[in-house]
There are 2 protein chains.
Amino acid sequence: MNKYESATLERMTTPATDWLRLDQQICFSLNAASRAFGGVYRVVLKDLGLTYPQYLVMMVLWEHGELPVKKLGEHLRLDSGTLSPLLKRLEAAGLVRRERSARDERSVQVRLTGEGSALRERAVEVPRRISAATGLDLAEIQDLRARLDRLTAALDAYGTDPAPEPS
Amino acid sequence: MNKYESATLERMTTPATDWLRLDQQICFSLNAASRAFGGVYRVVLKDLGLTYPQYLVMMVLWEHGELPVKKLGEHLRLDSGTLSPLLKRLEAAGLVRRERSARDERSVQVRLTGEGSALRERAVEVPRRISAATGLDLAEIQDLRARLDRLTAALDAYGTDPAPEPS
DNA sequence: CGCAACTTAATTGCGCACAACTAAATTGTG
DNA sequence: CACAATTTAGTTGTGCGCAATTAAGTTGCG
């Protein structure tokens, strides 16, 4: 059962323990980066009264205008289990309204209130401050974004096609 | 309200709206990558009966042996608010024991049970499967890890020194 | 038409992250 | 020694993420 017991693998670069360490690094690193980002957003968004996920929702609404929960979820890769309570909080804060669509009673249309639209003016400050916090220039940000997007695509593909066991 | 209606903005590299879009990309991308990773770990760890954060804790214990909650938290950047209930669940699963240190009654020592140590044998499979799911080779993983670590360091620095407002 | 299959949100339940607070033990200082 | 400050875990409360389920509406097909 030992993966690497074959004596013919002389130049093998990565015994099991090294894989383990490397993997630890990448998952540690990504997890840490994600939470570090969360911390900065928390600080920057505090005087807007938004959490980071709420800010993402508002960004989509600012860009696309009114849209149903389903579409919102597609943009953000989130389902109604996450969005329903989040949107309820945004509604309680007076930033959005939710109304059943007349044409399709299953669908709930989410639209900005005047207050929600107005918040955009104060939010334009956010990206610059976040960018400053990263210490990266535009090229680096774009490059990193591209790598992360490729990574996400690969990981999603694994989800739909759970990687055949190696013979 | 048209974003690009001003005729004078011909060669401007980064108007506020572009910053907004770029920032959206990087935060979207990081957030999406982090959650996509979570999904793959969820699948891979299912038959070990561990969640991803629990797996991280077990990794630290496998590497460093017994250690107090405080040290565990430093390795993982997590506080007792997260670790206390998580460790309680690991204890309920029979993987670790927690005991007050005799030398310092404030401290709680976390140590692996026999079952917890034994789980390591089954966990050696995990990193290879995760690596496969990323679709990246070793060099790419290392490079990405390095970038993410630099990013995290920068973001943490911002946390301790909340970026002076530009005049 | 009538009914099964599908779609869309909402709800429930569990676990993690983090801020704020509490409780208890230890350390430092006058 | 006495007492304030610090350290260490735990608790509470809020919000996010996701799986599983439910409820209601729509669509398609015989």
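These numbers come from the heavy atoms of this one structure, side chains and all, not from hydrogens, waters or symmetry mates. In what follows, chains are A, B, ... by sequence order, proteins preceding strands, each numbered from 1.
With sequence neighbours left out, B:V108 forms a side chain to side chain contact (heavy atoms under 4.5 Å, CB included) with B:V69, B:R98, B:R100. Take B:D79 and apply the side chain to side chain contact (heavy atoms under 4.5 Å, CB included) test, not counting sequence neighbours, and it matches B:T82. Judged as a side chain to side chain contact (heavy atoms under 4.5 Å, CB included), and not counting sequence neighbours, the contacts of B:R111 are B:E66, B:R97, B:E99, B:Q109. In this structure, the salt bridge (charged side-chain N to carboxylate O under 4.0 Å, His left out) partners of A:K70, at least two apart in sequence or on a different chain, are A:E74. The side chain to side chain contact (heavy atoms under 4.5 Å, CB included) test applied to A:R147 returns A:D143, A:R150, B:D143, B:L144, B:R147, not counting sequence neighbours.
We find that CZ of B:R77 is positioned 13 Å from P of C:dA17, with the value rounded to whole Å. Look at CG on B:L90: it is 13 Å from P on D:dG10, rounded to the nearest Å. Going from atom CG of B:L45 over to atom P of C:dC14 covers 20 Å, rounded to whole Å. Atom P of nucleotide C:dG15 and atom CD of B:E91 are separated by 15 Å, given to the nearest angstrom. Separating the CZ atom of B:F37 from the P atom of D:dG17 is a distance of 18 Å, rounded to the nearest angstrom. Rounded to an integer number of Å, the gap from A:Y41 OH to C:dC18 C1' is 18 Å. Residue A:K70 contributes atom NZ, which lies 11 Å from atom C1' of C:dC6 at whole-angstrom precision. In this structure, CG of A:L67 is placed 10 Å from P of C:dA9, rounded to the nearest angstrom.
Listed by first and then second residue, the ring pair (Phe, Tyr, Trp, His ring centres under 6.0 Å) pairs involving residues 70-128 of chain B are B:H64-B:H75 (not counting sequence neighbours). Within the structure, the ring pair (Phe, Tyr, Trp, His ring centres under 6.0 Å) test picks out no pair touching residues 79-118 of chain A (sequence neighbours left out).
Of the residues in residues 95-109 of chain A, those lying under 4.0 Å from DNA chain C by heavy-atom distance are A:R98, A:R100, A:R106, A:S107, A:V108. Annotation: proximity of residues 79-88 of chain B to DNA chain C (heavy atom, distance under 4.0 Å) is found for B:G81, B:T82, B:L86, numbered in ascending order.
Listed candidates were D:dC18, C:dA19, D:dT8. Nearest to the side chain of A:R42 is C:dA19.
The aromatic rings of A:W62 and A:Y55 sit perpendicular to each other, their planes meeting at more than 60°, with 30° as the lower class boundary.
In terms of position along DNA chain C, the nucleotide closest to A:V69 lies nearer the 5' end than the nucleotide closest to the other residue of the pair A:V69 and B:P53.
A:S107 places no side-chain N or O within donor-acceptor distance of the main-chain N or O of A:S101, the cut-off being under 3.5 Å.
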